[in-house]
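Here the structure is laid out as structure tokens; the discussion comes afterwards.
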There are 2 protein chains.
Amino acid sequence: MRDLGVLGKVLTMTTSEQPATLRERKKLRTRQALVDTAVTLFGERGFDSTPLDALLEQVEVSRRTFFRNFRSKEDVALTAVKQLWDVYLEVLDGIKKSGPLADVFLDAMLTTLERMDEDWYRRFPLTLRLIADSPALDGYTLRHCAEVQAEIARRLDVQSRLELRLLIEFFVATWRCTLDEWLPDCIPGELPTLLRRSCSSVNSALSLSFMA
Amino acid sequence: MRDLGVLGKVLTMTTSEQPATLRERKKLRTRQALVDTAVTLFGERGFDSTPLDALLEQVEVSRRTFFRNFRSKEDVALTAVKQLWDVYLEVLDGIKKSGPLADVFLDAMLTTLERMDEDWYRRFPLTLRLIADSPALDGYTLRHCAEVQAEIARRLDVQSRLELRLLIEFFVATWRCTLDEWLPDCIPGELPTLLRRSCSSVNSALSLSFMA
DNA sequence: GAAGCAAACGCCACACTGTGGCACTTTATG
DNA sequence: CATAAAGTGCCACAGTGTGGCGTTTGCTTC
């Protein structure tokens, strides 16, 4: 529970395992409060222009406690993003077997999207808007993606490391492009459709030419 | 000269246009000193563990002056990266005409690499090592890449925006993979070779499968 | 249930980054 | 030479993130 790492589970909300001890439940409750309040508060007042103290005041926690749970102001804002990739890595471990890797990556994401619960689908779009409005948050997110990509590569075993690295980069890039298309409306049911479309556009994208 | 934007020319070292006025030459001299000292100083003591004051003290500039020239500590460290993309955008404007876009992107980068001077090939590897050692710097770099990508997309005109966006993402991702392969030795002459190899691996990467 | 223990918390002080105000110096210009 | 403008330095401040340390709170064992 002292993980706090960029990888590794951040909040155990997806598997809904209730911690036995009261202490851990309390701790988890304040973390949840911080996450929820952060997304809404930053959404109202803007991430960059909202001091961390405003969040701490509202949730009534000291700064010391906050930084024991999150490594930075960006960290708490991006919880939804981290949760997605945590689940994705779990899913990938479960289903990686055979066939084209590109399909495996896509299927894993589709499965991941099915696993996320309603609350996540409420917070995730809010988080995406925060990212779109704050370059600092965007940089932090991209960095997180890079670490996830390295983790994916670490768990797979193929002939060419370069080609594996490239494929992972392409898949995550495609995912991010898909999110940009999803962003305006953010209808949960459309996300898998958009992702499939993006993936099926990859080949024509590579052979793209100038307009006539 | 008051640009300071993430895009747009940072230092006019590539085209070597001497500013007429003494004032501008002075200013440029301090900027050069800051850039040079930053790369070496951060290289010796580490980016994260070197306070900005150490740099200011060595160059003998006040903090106020520094922040008039650079927008952040990361900014001055990444000058070489920014210069590369500045030149790339220039080159792209000059040669974009017809044929497959993927080839255009690759050719533009090869031309760009030819245009960079010896001093840049000295500073760029140092900068890459700084990035590899500092997550904060890495995030900043990725964010800069994203802005460059948006700028490239803005300057081109093709049928499908999504496919264009994808292709640009893929190219830049390929470039970053190439840099990782180049990093250990950093022999200038090998960079074009490695880049060509990465680009020619794209298709096989997309059809990658698990090991037998 | 009481004593003891460990985890979590709050408070305080500090280092570092980045910004704004204002006075002072230097350079360009008439 | 005088004046305006650009550049600089100094000072103070807001915000983020860290470490020390005493105190509270929940857990454990008798």
Side-chain angles (χ1 to χ4, degrees), chain A residues 1-6 11 18-34 37-38 41-42 45-78 130 134-137 139-140 143, chain B residues 1-6 11 18-34 37-38 41-42 45-78 130 134-137 139-140 143:
Chain A
M1 196 37 88
R2 295 233 104 272
D3 190 0
L4 236 172
V6 183
L11 282 182
Q18 281 284 15
T21 71
L22 169 61
R23 195 177 341 212
E24 303 224 332
R25 263 179 287 145
K26 257 193 172 178
K27 185 168 181 174
L28 223 158
R29 201 153 50 217
T30 66
R31 282 166 65 145
Q32 281 286 7
L34 282 168
T37 313
L41 189 63
F42 292 155
R45 300 175 44 180
F47 179 80
D48 294 318
S49 48
T50 306
L52 186 57
D53 294 336
L55 172 63
L56 304 182
E57 198 175 332
Q58 190 156 335
V59 189
E60 289 184 316
V61 262
S62 70
R63 206 196 324 288
R64 195 74 184 78
T65 302
F66 174 85
F67 282 106
R68 261 188 286 259
N69 287 282
F70 302 93
R71 61 170 50 180
S72 68
K73 184 184 168 189
E74 287 80 14
D75 196 18
V76 67
L78 294 177
L130 290 184
S134 165
L137 258 188
Y140 205 91
R143 170 69 198 164
Chain B
M1 197 35 94
R2 297 232 104 273
D3 188 358
L4 236 175
V6 181
L11 281 180
Q18 282 283 15
T21 72
L22 168 62
R23 203 193 310 231
E24 305 224 333
R25 261 178 289 147
K26 257 192 174 179
K27 185 169 182 174
L28 222 157
R29 200 152 50 216
T30 67
R31 282 166 66 143
Q32 281 287 8
L34 282 169
T37 314
L41 189 63
F42 292 154
R45 301 175 45 180
F47 179 79
D48 294 318
S49 48
T50 306
L52 187 58
D53 293 337
L55 172 63
L56 303 182
E57 197 175 331
Q58 189 157 333
V59 190
E60 289 183 315
V61 205
S62 72
R63 208 203 312 290
R64 194 75 183 80
T65 302
F66 174 84
F67 282 105
R68 261 187 286 261
N69 286 282
F70 302 93
R71 62 168 52 178
S72 69
K73 184 184 168 190
E74 287 80 14
D75 196 19
V76 66
L78 294 177
L130 291 184
S134 165
L137 258 189
Y140 204 92
R143 170 70 198 164

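Residue numbers begin at 1 in each chain, while the letters A, B, ... track the order of the sequences. Computed from heavy atoms alone, side chains included, the values below leave out hydrogens, waters and symmetry copies.
Between the CG atom of B:N69 and the P atom of D:dG7 there is a distance of 9 Å, given to the nearest Å. Across the protein-nucleic acid pair, B:R31 atom CZ and D:dA6 atom P stand 16 Å apart, rounded to whole Å. A:E57 places its CD atom 15 Å from the C1' atom of C:dG10, with the value rounded to the nearest Å. Distance, A:R23 CZ to C:dC9 P: 10 Å, rounded to whole Å. Taking atom CZ on A:R25 and atom P on D:dT25, their separation rounds to 17 Å, with Å as the unit. Protein atom CD of B:E24 is 9 Å distant from nucleotide atom P of C:dA28, rounded to whole Å. Between B:F66 atom CZ and D:dC10 atom C1' the separation is 18 Å, expressed in whole Å. Atom CG of B:D75 and atom C1' of C:dT17 are 14 Å apart (whole Å).
Nearest to the side-chain atoms of B:R64 among the listed nucleotides D:dC10, C:dG10, D:dC27 stands D:dC10. Listed nucleotides: C:dG10, D:dT8, C:dA28. Nearest to the side chain of B:T21: C:dA28. Nearest to the side-chain atoms of B:T30 among the listed nucleotides D:dT8, D:dG26, D:dG19 stands D:dT8.
Neither OP1 nor OP2 of D:dG7 sits under 4.0 Å from any side-chain N or O of B:K26. For B:T65 and D:dG9, the shortest distance from a side-chain N or O to OP1 or OP2 is below 4.0 Å.
A donor-acceptor pair under 3.5 Å links the side-chain atoms of A:T37 to the main chain of A:A33, judged by distance alone.
Note that CZ of A:F67 is 10.0 Å distant from CG of A:D75, once rounded to the nearest 0.5 Å. Considering CG of A:L41 and CG of A:L130, their distance stands at 10.0 Å, rounded to 0.5 Å. One finds the CZ atom of A:F66 at 7.0 Å from the OG atom of A:S72 (value rounded to the nearest 0.5 Å). Separation of atoms CG (B:L78) and CZ (B:R143) is listed at 14.0 Å; rounding is to 0.5 Å.
Between B:D48 and B:P135, the shortest heavy-atom distance links the atoms OD2-CD, 4.3 Å.
In this structure, B:K73 fails the cation-pi test against B:Y140, since its NZ or CZ atom is not both closer than 6.0 Å to the six-membered ring centre and inside 45 degrees of the ring normal.
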Pick out the pairs of N or O atoms, protein on one side and nucleotides 12-16 of chain D on the other, that lie under 3.5 Å.
unit_1	atom_1	unit_2	atom_2	d
D:dT16	OP1	A:L52	N	3.0
D:dT16	OP1	A:K73	NZ	3.1
D:dT16	OP2	A:L52	N	3.0

